Amino acid sequence: MHRPFRLVDVFGQGVFTGNPLAVVAKADDLDTDSMQQITRWLNLSETAFLLRPTNLEADYRVRIFTLEREMPFAGHPTLGSCHAWLAGGGQPKDSTRIIQECGVGLISVRSTSDSLVFAAPPLIRFGPVDEGKLIEVAKILRINREMIVDAQWVDNGPGWVAVMLASAEAVLRLEPVRSHHQRIDIGVVGAHDPCAEAAFEIRALFSDHHGNLVEDPVTGSLNASVAQWLFSTGRVDNAYVAAQGTRVGRDGRILIDRDKTGQIWVGGQTRTMFSGQTEAW
């Protein structure tokens, strides 16, 4: 059968400046192996597949794949999938929010005048990072251990360990190793000067299915969990903007806010860059 297909740019300030996502709709008849094969062939960091929901509260269901595995949750695929679902004529049950069903459960998404925002899901692993892991991370980043001023497990699905450096400049100067002997997902954060347009610089490094260390252009899941860390430690107490993708030639901007209930919202711009349909397969 033919399926609607979109390539969506997520979190970019302008065209082709964010993180691309392939979205395949009407994917209910595709099995897991087929979805993984399609994802590897497209060779983007993630591909999302839209399906009918199994939860009555949800508007749609999404399965998210990297080149290596299926993810229970990821941020830029959440916003990109919601964009594709709406662009394809999706009508939410509730006019104030869209409900996505994915591996971690139900995710609320809201549409603003110029962006989509999702509710950060609860962390499934959090707390201090042991010294052995910090030494390992420092070696991967090729810095002295003393340059890590704080660290936290901030796993909301992908497996992130986050480390804080003294400044955004220190984050941008990093020249990490190109491979690592075991899987790891590292988020690095550093504050910009108070007068800067963005409050923090973020970099996301993860192992691909060949053991290479790859930098993700813009990462919603990491920004969601880092925001939870920053708010909980009192480093921020209001809405802020994070920059990501600078070292890989992108211009990502992630909008972070916290509502009166304490729920953190993560947003950014989304754009369809290419659309059409698949051939019959």
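In this chain, residues are counted from 1 in sequence order. Note that the structure is a prediction, hence the values are computed from the model and not measured. Just so you know, these numbers use all the heavy atoms, side chains as well, and skip hydrogens, waters and symmetry mates.
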Connected to Ile135, directly or through other members, by ILVMFWY side-chain contacts below 4.5 Å are none
- Message: What I'd like to find out is whether the side chain of Phe200 reaches to under 4.5 Å of the side chain of Leu230, using heavy atoms alone.
- Response: yes
Between the NZ atom in Lys133 and the CD atom in Glu131, the distance rounded to the nearest 0.5 Å is 12.5 Å
query = Would you find a donor on one side and an acceptor on the other, under 3.5 Å apart, between the side chain of Arg183 and the backbone of Ser207?
reply = yes
Those residues at least two apart in sequence (or on a different chain) that pass side chain to side chain contact (heavy atoms under 4.5 Å, CB included) with Glu46 are Leu21, Ile64, Thr66, Ala74, His76, Pro77
Residues at least two apart in sequence or cross-chain that pass side chain to side chain contact (heavy atoms under 4.5 Å, CB included) with Ala25, listed by chain then number, are Pro4, Leu50
Sorted by chain and number, sequence neighbours left out, salt bridge (charged side-chain N to carboxylate O under 4.0 Å, His left out) with Glu70 holds for Arg63
Besides Val163, the hydrophobic cluster formed by Ile, Leu, Val, Met, Phe, Trp and Tyr side chains linked at under 4.5 Å, directly or via other members, contains Val129, Leu134, Val137, Ile140, Leu141, Ile143, Met147, Ile148, Trp153, Val161, Leu165, Val171, Leu174, Val177, Ile184, Ile186, Val188, Leu205, Leu213
- Task: Go through the steps to decide whether Val62 and Phe49 satisfy the test side chain to side chain contact (heavy atoms under 4.5 Å, CB included), and finish with yes or no.
- Result: CA-CA 5 Å; Val62 64; Phe49 298 86; 5.9 Å; no
Pairwise side-chain contact, Cys82 with Tyr60, heavy-atom cut-off 4.5 Å (strictly under): yes
Discussion item. Could you check whether atom NZ of Lys139 has more than 12 heavy atoms from other residues, nucleotides or ligands sitting under 6.0 Å from it?
Written reply: no
Which of Arg250, Arg247, Arg203 passes salt bridge (Lys or Arg N to Asp or Glu O under 4.0 Å) with Glu215? It is Arg203
If we count only N and O atoms by modelled type, under 3.5 Å, do the side chains of His2 and Thr278 hold a donor and an acceptor together?
no
Kindly indicate whether the side chain of Phe73, heavy atoms from C-beta on, has any atom under 4.5 Å from the side chain of Ser221. yes
For the side chain of Thr47 and the backbone of Thr39, is there at least one donor-acceptor N/O pair under 3.5 Å apart? no
Would you say CZ of Arg52 has more than 12 non-hydrogen atoms from neighbouring residues, nucleotides or ligands within 6.0 angstrom? no
Any side-chain heavy-atom pair of Pro217 and Gln244 under 4.5 Å: no
Next item on the list: Give a yes or no on whether the backbone of Asn55 and the side-chain of Glu101 come within a donor-acceptor separation of less than 3.5 Å.
Entry: yes
Examine distances only and state if a side-chain atom of Asp208 and a backbone atom of Gly211 form a donor-acceptor pair shorter than 3.5 Å.
-> yes
- request: Show your working on side-chain hydrogen bond (donor to acceptor under 3.5 Å, both in side chains) between Ser115 and Thr112 and close with a plain yes or no.
  value: CA-CA 5 Å; Ser115 63; Thr112 70; 2.8 Å; yes
Is the closest side-chain heavy-atom distance between Ile256 and Ile264 below 4.5 Å? yes
> Where the side chain of Asp59 meets the backbone of Ile99, is there a donor-acceptor pair that is under 3.5 Å apart?
Replying inline: yes
Item checked: Non-hydrogen side-chain atoms of Arg61 and Cys102 separated by less than 4.5 Å -> no
If you count the non-hydrogen atoms of other residues, nucleotides and ligands that lie under 6.0 Å from CD in Glu279, is the total more than 12? no
OG1 of Thr272 to CG of Asp9, rounded to nearest 0.5 Å, is 10.0 Å
Does Leu79 belong to the same Ile/Leu/Val/Met/Phe/Trp/Tyr cluster as Val104, with side-chain heavy atoms less than 4.5 Å apart forming each link?
-> yes
- Item | Under-4.0 Å salt bridge between Asp251 and Arg253 | yes
Discussion item. Would Arg235 pass as a cation-pi partner of Trp229, given that its NZ or CZ must be under 6.0 Å from the six-membered ring centre and within 45 degrees of the axis?
Written reply: yes
Strictly distance-based, threshold 3.5 Å: is any side-chain N or O of Asn223 a donor or acceptor partner for the main-chain N or O of Thr219?
yes
- Item | Mutual orientation of the aromatic rings belonging to Phe16 and Phe274 [parallel < 30°, tilted 30-60°, perpendicular > 60°] | tilted
Taking Asp94 first and then Arg97, would you say they form a salt bridge - that is, a charged N and a carboxylate O separated by under 4.0 Å? yes
* Are more than 12 heavy atoms from other residues, nucleotides or ligands located less than 6.0 Å from atom CZ of Phe231? -> yes
* Asked: Are more than 12 heavy atoms from other residues, nucleotides or ligands located less than 6.0 Å from atom CD of Gln182?
  -> yes
CZ (Phe5) and CD1 (Ile38) are apart, to the nearest 0.5 Å, by 9.5 Å
The remaining residues in the hydrophobic cluster of Trp265, counting side-chain heavy-atom contacts under 4.5 Å among Ile, Leu, Val, Met, Phe, Trp and Tyr, are Val117
ask   = Are the side chain of Thr17 and the backbone N or O of Gln13 linked by a donor-acceptor pair below 3.5 Å?
value = yes
Give a yes or no on whether the backbone of Val218 and the side-chain of Asn19 come within a donor-acceptor separation of less than 3.5 Å.
-> yes
Looking only at heavy atoms, the pair that brings Arg142 and Pro176 closest together is NH2-O, 3.9 Å
Phe65 side chain near Thr32 side chain, heavy-atom distance below 4.5 Å:
yes
**Request:** Report yes or no: do Leu7 and Val248 belong to one cluster of Ile/Leu/Val/Met/Phe/Trp/Tyr joined by side chain heavy-atom distances under 4.5 Å?
**Result:** no
Note, Met273 side chain near Arg271 side chain (heavy atom, < 4.5 Å) = yes
Query - More than 12 heavy atoms from other groups under 6.0 Å of CD on Gln263 - result: yes
Worksheet entry | Donor-acceptor under 3.5 Å (Asp155 side chain, Gly157 main chain) | yes
His210 side chain to Glu68 side chain, donor-acceptor N/O pair below 3.5 angstrom = no
Problem set entry | Side chain Gln228, main chain Pro121, donor-acceptor under 3.5 Å | yes
